[in-house]
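Contents: one structure, followed by commentary.
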Number of protein chains: 2
Amino acid sequence: MDTSQVKSLLNQHKLKATPSRLALYHYVHDFGSAVPYSNIQDEFKDLDRVTLYRTLNAMCDKGLMHRASVGDDEVHYAVCAHSCTTTEHHHDHVHFKCDDCERLYCVPTKGLSTIELDGYEVREIQIQLSGVCKGCRG
Amino acid sequence: MDTSQVKSLLNQHKLKATPSRLALYHYVHDFGSAVPYSNIQDEFKDLDRVTLYRTLNAMCDKGLMHRASVGDDEVHYAVCAHSCTTTEHHHDHVHFKCDDCERLYCVPTKGLSTIELDGYEVREIQIQLSGVCKGCRG
DNA sequence: TATTAAACGCAACAGTGTTGCAGTAAAAAT
DNA sequence: ATTTTTACTGCAACACTGTTGCGTTTAATA
């Protein structure tokens with residue numbers, strides 16, 4: 001993704017395009033799957049941890065990224081799809097954790113099968129799957 | 001639940017039936033839904049936090065309780081159903097968070113609808129729902 | 001009742017979340 | 001291009017949770 005594109009993306013969301021932010025966005029964007037927080041830390045260890053914390057929060061608040069986690073695993077970060085860049089997050093996807101490579105993927109799904117629970121009024125669904133991902137199968 | 005029952009339940013799992021443990025199990029068992037960690041803390045604030053930590057871990061390890069959480073919320077604890085008291089945890093249930101009373105329920109489901117993802121081999125499914133619970137509907 | 005194995009409380013350290021504040025850099029206005 | 005405004009950054013600091021070690025106490029059992 002082009003740096004000027006990222007810059008205007010940030011500006012559109014009233015975020016200043018500082019070098020760290022550009023780098024952070026690129027890093028998460030290009031990672032190929034949701035990024036474990038510890039990876040981000042390692043990659044940006046020169047950045048103050050409070051700044052990192054605030055930057056991630058800001059990007060999540062503004063809809064540029066979202067948090068994803070499976071079970072007790074550490075939090076992961078992933079860039080939002082096009083549909084999320086508006087004010088509201090629309091996450092028609094499930095989180096898939098590969099037992100093999102341990103990567104966490106955001107896999108889009110078209111209209112999650114609604115789940116009926118007797119007596120409960122279901123409004124939102126979050127699904128986390130695990131198994132073996134595309135890359136790790138033959 | 002009878003105290004002597006809880007005692008033998010603990011002993012069956014090679015856990016000593018100390019007063020704190022009996023009380024803790026009763027508390028979580030009788031809560032009516034999964035218990036937020038902070039509630040447990042408040043209820044057992046005379047207990048050393050490390051002891052509480054180890055006790056909860058022990059009970060989860062031995063299959064007497066399990067952890068449940070939805071989104072970024074704090075961890076909740078719930079007693080396991082009968083099927084879990086063996087060595088393996090069998091959780092044929094979803095976690096339902098009520099937007100109204102904010103309680104987190106473990107709702108049993110018979111055979112979760114399998115989800116097909118092109119290219120991925122799905123082995124486990126975790127589902128978290130939110131909406132309005134039985135009690136909060138008219 | 002004596003023995004043994006487990007649990008308890010305390011001290012201590014690491015990691016993360018969170019806030020306030022003063023210095024700095026990006027964006028907008030002139 | 002320079003100034004002004006706005007927001008980001010880094011540092012200090014505090015709270016909370018996770019985690020381990022260790023010596024003492026208590027439950028289970030012989």
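Throughout, a chain's letter reflects where its sequence line sits, starting with A, and its residues are numbered from 1.
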Q: Take the protein atom CG of D48(B) and the nucleotide atom C1' of dG18(D), then report the distance between them rounded to whole Å.
A: 13 Å
Q. Base, sugar-phosphate alone, or nothing: which one does A17(B) contact when heavy atoms must sit under 4.0 Å apart?
A. sugar-phosphate
(Q) For a quick check of understanding: with a heavy-atom distance under 4.0 Å over all strands, which category does R49(A) fall into, base, sugar-phosphate or nothing? (A) base
Q. Does R137(B) use its side chain to pair, donor to acceptor, with the backbone of G119(A) at less than 3.5 Å?
A. yes
Q.
Using whole Å, what does the distance between atom C1' of nucleotide dT26(D) and atom CG of L47(B) come to?
A. 14 Å
Q: Classify the angle between the aromatic ring planes of Y27(A) and F31(A) as parallel (below 30°), tilted (30 to 60°) or perpendicular (above 60°).
A: perpendicular
Q: Take atom NZ of K7(B) and atom C1' of dT26(D), then tell me their distance rounded to the nearest Å.
A: 13 Å
(Q) Does dT26(D) have its OP1 or OP2 closer than 4.0 Å to a side-chain nitrogen or oxygen of T18(B)? (A) no
Q) Using a cut-off of 4.0 Å on non-hydrogen atoms, how would the nucleic acid contact of R54(A) be classed: base, sugar-phosphate, or nothing? A) base
**Q.** Side chain of K16(A) - closest among dA27(D), dG18(D), dA7(D)
**A.** dA7(D)
Q: Would you indicate, yes or no, if dT17(D) has its OP1 or OP2 atom less than 4.0 angstrom from a side-chain nitrogen or oxygen of Q41(B)?
A: yes
Q | Residues, nucleotides or ligands: over 12 heavy atoms within 6.0 Å of E124(A) CD | A | no
Q. Less than 4.5 Å apart, any side-chain heavy atom of L15(A) and any of L64(A)?
A. yes
Q. Mapping P19(A) and E74(A) to their closest nucleotides on DNA chain C, which lands nearer the 5' end?
A. E74(A)
Q) For DNA chain C, which nucleotides open and close the run of contacts to chain A, 5' to 3', at under 4.0 angstrom from a non-hydrogen atom? A) dT16(C) to dA27(C)
Q | Whole-Å gap separating P (dA7(D)) and CE (M59(A)) | A | 16 Å
Q: For Y37(B), check ring pair (Phe, Tyr, Trp, His ring centres under 6.0 Å) against everything at least two apart and list the hits.
A: none
Q. Hey, which of these two, L15(B) or V75(B), hits DNA chain D nearer its 5' end, going by closest nucleotide?
A. V75(B)
Q: For residues H93(B) and H66(B), determine if any side-chain heavy atom of one lies less than 4.5 Å from a side-chain heavy atom of the other.
A: yes
(Q) Does any part of the side chain of F44(A), heavy atoms only, come nearer than 4.5 Å to the side chain of L24(A), both counted from C-beta? (A) yes
Q | Nearest-Å distance for atom pair CG/P, residues L56(B) and dT19(D) | A | 12 Å
Q) Starting at OH of Y53(A) and ending at P of dG10(D), how long is that distance when rounded to a whole Å? A) 16 Å
Q | Atom-to-atom span, NE2 of H13(B) to P of dA27(D) - whole angstrom | A | 21 Å
Q: Rounded to the nearest angstrom, tell me the gap between atom CG in D61(B) and atom P in dG18(D).
A: 14 Å
